[in-house]
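Take a look at the structure below.
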Amino acid sequence: MLVPTTCFNCESACGLLAYVDPETLEIRKFEGNPEHPGSRGRNCAKGPATLNQVTDPDRILYPLRRAGARGEGRWERVSWDEALDDLAGRIRRAIVEGRGNEVMYHVGRPGEDGYAERVLAAWGIDGHNSHTNVCSSSGRAGYHYWMGLDRPSPDHANAKVILLISAHLESGHYFNPHAQRVLDGKANGAKLIVFDTRLSNTASHADWWVSPVPGSEAAILLAIAAHLIRERLYDRAFVRRWWNWQEYLEHERPDLEPSFERFEQALAELYADYTFELAEAESGVPAATLAEIAAAVGSAGTRLSTHTWRSAAAGNLGGWQVSRCLFLLNALLGAVATEGGTHPNAWNKFVARPIHTPPHPETWNELSWPVEYPLAMNELSFLLPHFLRERRAKLDVYFTRVYNPVWTNPDGFSWIEALTDEELVGLHVALTPTWSETAFFADYVLPVGVGSERHDVHSYEQYDGRWIGFRQPVLRAARERLGRPVGDTREVNPGEVWEENELWIELSWRIDPDGTLGIRRWFESRERPGEKLGVDEYYGYLFEQSVPGLPEAAAAEGLTPLAYMRRYGAFEITAKVGPLHEQAVPAEELEDHRVNGHGRVFTRAAPPSSPNVVPLPTPQPDDEGRRPVGVEVDGQVLRGFPTPSGRLEFYSRTLADWGWGEAAIPTYLPSHVHPAELEPGQLVLISTFRLPVQIHTRSANAKWLDEIAHTNPLWVHPSDAGQIGVRTGELVRVETEIGHYVVKAWVTEGIRPGVVACSHHMGRWRPEGEVGQRQAMQTVSLDRDGSRWTLRRRDGVKPFDSSDPDTRRIWWSDAGVHQNLTFPVHPDPVSGMHCWHQAVRVRAAEPGDRHGDVSVDTEKARAVYRRWLEHARPATSSSPNGERRPYWLLRPLKPAREAYRLPSAPRPEPV
Ligand code: SF4
């Protein structure tokens, strides 16, 4: 039997087809699902390796509770009932006692649009925390300030020029779906420009590989923009219609007549200094090369597809200006939502409406959204140990869910200190399919499913189209096809591995068994009032009621929408979406409307219920409570963009009003690792790149992947290696602000002189004891002397006996080094993103140093935290509206408007 599902290994959610033996009901293999519009039947190596994750002999099969002290490594098996009753009792008490925000759900890979957020909203708490500020917040921020949406959707396949600031064939955001379309574009004659200091696989396919000084990317982009402006290669009509140039002139150049021609003059003046020579001085890339690239960009017209995500945006202080400056090129050329251009993500994404939608919580969690970072794109998750230590609040129940902050985040020893302090974290619950460095410090480890063992729906912007994908427990679907109904996913998954949707429903019922807290009703069946909602009803409703075209497509095959999705695994809603901002707003949506001075149109009409209308974030209403519905452009009311102005915001009034006037337009902010900031002898360390076959901490349980890639040497240019006195394979010490690590050198011309690079995904470890991933985790000792920590390898990876004979064939012993432990936190004061690049010294290893050694002083880490905190510009009672944060900015699990108000702020007059 072929049963579709989707891969859970990275955020792309590619389609998989499980080959299930109908006799034994075992999964034989996974291949790509050709019915999936995003991945089109193709996967990267991590997709088929889902099979390894299912059969991994070290996987967690049953709920476990710690038997000794937290972190001691002794575990006992418990029943799901025991674990859930304990959790439900604590959570209920916290809610009843008004301490709901002491319950926190901290997510790594979400896997579904909004399910957990709705659970937390039903509990009435602001308890969502994410990994995004160690991942993509700066990339998002640059886009968000332009278009009100925080992600780009490039149409690479139809582009004339593709410009990537990242390694999209191996580590871009939508990895395989983008990689195949980048290659389609190249096959169709597109030119590929790649900015990447490191010679990535993508760079090796490029027509122009640019290896800039880390942090100088925005300077190059502005030099290209200046060329487009100087040579008048930009799309004047697009800029006039869609940029908020009037707002810019009004606030920044009141001396000028408010005409488009004067704006063009101002624009030319703004960027006149960004010459190719200036960009060369900043980036080290020859001006002549930059001029060639600028000419290529200028030749693309509306077929310029661009994308950046982690990479430079994630590495640098002010990195959010990299995506802001990159999108400036699209905005100049009018290559926005065009064929071969870059689309706003919501144009190419579909979020289905679920059966129940609880209201926004009426509370604000200061631990996740501290007052110091009012503009942060996401939760200040990586500062949590510092906030707890400062006693800003404590956690009673802390869920880490498919998330491994001890390993993934910077400053992991501070995480261990917080997680082992029961005064700071009352109960830590790790929801995880596999052992992680964080799960070792949990009170409960609860096993949840891999990609073929759980339900989720998702939709991602991977081309100009909209689709919805369905992850499902394949053995459940297989049994049901054989006419053998399944009650609960634990019946078909290995051991007692559970899917989370059923788990959250069950836990929520136990928190509110009689419904008196008002929680249970959000988890009740509509078909069977008073009974628990089941996953068939949940997804059946969602596919039936809110996915345009799906009921009809299913009916044509004599299937229900749910049965259709169980059979095909994905559905394409629209193949070509195009420029939705140009759509006219129908007259019925303009009831009692008002137009402000910049053409923003507000209405009292209710939002349309039709699911065909693209779901958008909710920008700020006007003073009389009307919602923004469109924008007047050349006398027509068009949908526009979900920004305050309704236009693309070249000038962000929000940034200006919240204290960042100097960065309100696309600009170049020198990085914390700018050459002027480095001390003599320091190099820049790039730690943000992925290996193509590993994904954070979710793939160490895949033997095929571990065999291909299991270590992370330090890339060193020959000129630097000569100075250090090191050759390939020899050990070096990499010294950061708070400690050092020891790693093997790899001498290569694939990196700029003055820069070193070390991949993440590696350096997995487990303390001595019985549990952990043996095929990829080295065994280590952890020693503490006050604030000084050391991690030392005791045993490498080695062959072992298990149910899988391949584990006797393990030939590698090296598992790399856990470098993130040695990085202090670097929160960007605007986006909130951790700025990953490090200024380091690299020396030959000392006698006694061993590969994988890590040494850190967490007191130094706290000093760095305090230093970066000083750069923040907090919200105050005199911030706009006396609020903590601009209401229009996206926020996962958005609280009610009232919760935005700072306690000391004056209350507004009622309208
Ligand atoms: S890991 Fe590979 S196959 Fe899986 S979703 Fe990501 S790109 Fe697709």
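Along the sequence shown, the residues carry numbers beginning at 1. Indexing begins at 1, ligand by ligand and atom by atom, following the structure's order.
Residues Asp456 and Arg109 are not paired through a salt bridge, judged by the lack of any N-O separation under 4.0 Å between the basic side chain and the carboxylate. Using a 4.0 Å cut-off between charged nitrogen and carboxylate oxygen, Lys703 and Glu707 do not count as a salt-bridge pair.
At the shortest separation from atom 6 (Fe) of ligand 1 among protein heavy atoms lies Cys10 SG, 2.3 Å. For atom 4 (Fe) of ligand 1, the closest non-hydrogen atom on the protein side is Cys7 SG, 2.4 Å. Closest protein heavy atom to atom 7 (S) of ligand 1: Phe175 CD2, 3.2 Å.
The environment of Lys191 atom NZ is sparse: at most 12 non-hydrogen atoms of other residues, nucleotides or ligands sit within 6.0 angstrom.
Set against the non-hydrogen atoms of Asn9, the atoms of ligand 1 under 4.0 Å away are 1 (S). Contact atoms of ligand 1 toward Gly47: 3 (S) (distance under 4.0 Å to a heavy atom of the residue). Interface atoms of ligand 1 facing Asn43, defined by a heavy-atom separation under 4.0 Å, are 3 (S). With ligand atoms numbered from 1 in the order given, ligand 1 contributes 1 (S) to contacts under 4.0 Å with heavy atoms of Lys46. Heavy-atom contacts of Asn176 reach the following atoms of ligand 1: 7 (S) (cutoff under 4.0 Å).
Ring to ring, His455 and Phe470 are close: their centroids are under 6.0 angstrom apart. Taking the ring centroids of Tyr174 and Tyr460, they lie under the 6.0 Å cut-off. Taking the six-membered ring for Trp, Trp407 and His696 have ring centres at least 6.0 Å apart.
Comparing Cys44, Ala179, Ser12 by heavy-atom distance to atom 3 (S) of ligand 1, the nearest is Cys44.
Between Ala13 and ligand 1 there is a heavy-atom distance shorter than 4.0 Å.
Judged by distance alone, the side chain of Asp207 and the main-chain N or O of Ile193 form no donor-acceptor pair under 3.5 Å. Judged purely by atom type and a 3.5 angstrom limit, Thr434 has no side-chain atom pairing as donor or acceptor with the backbone of Arg59.
Residue Cys14 counts as close to atom 8 (Fe) of ligand 1, with an N, O or S atom under 2.8 Å.
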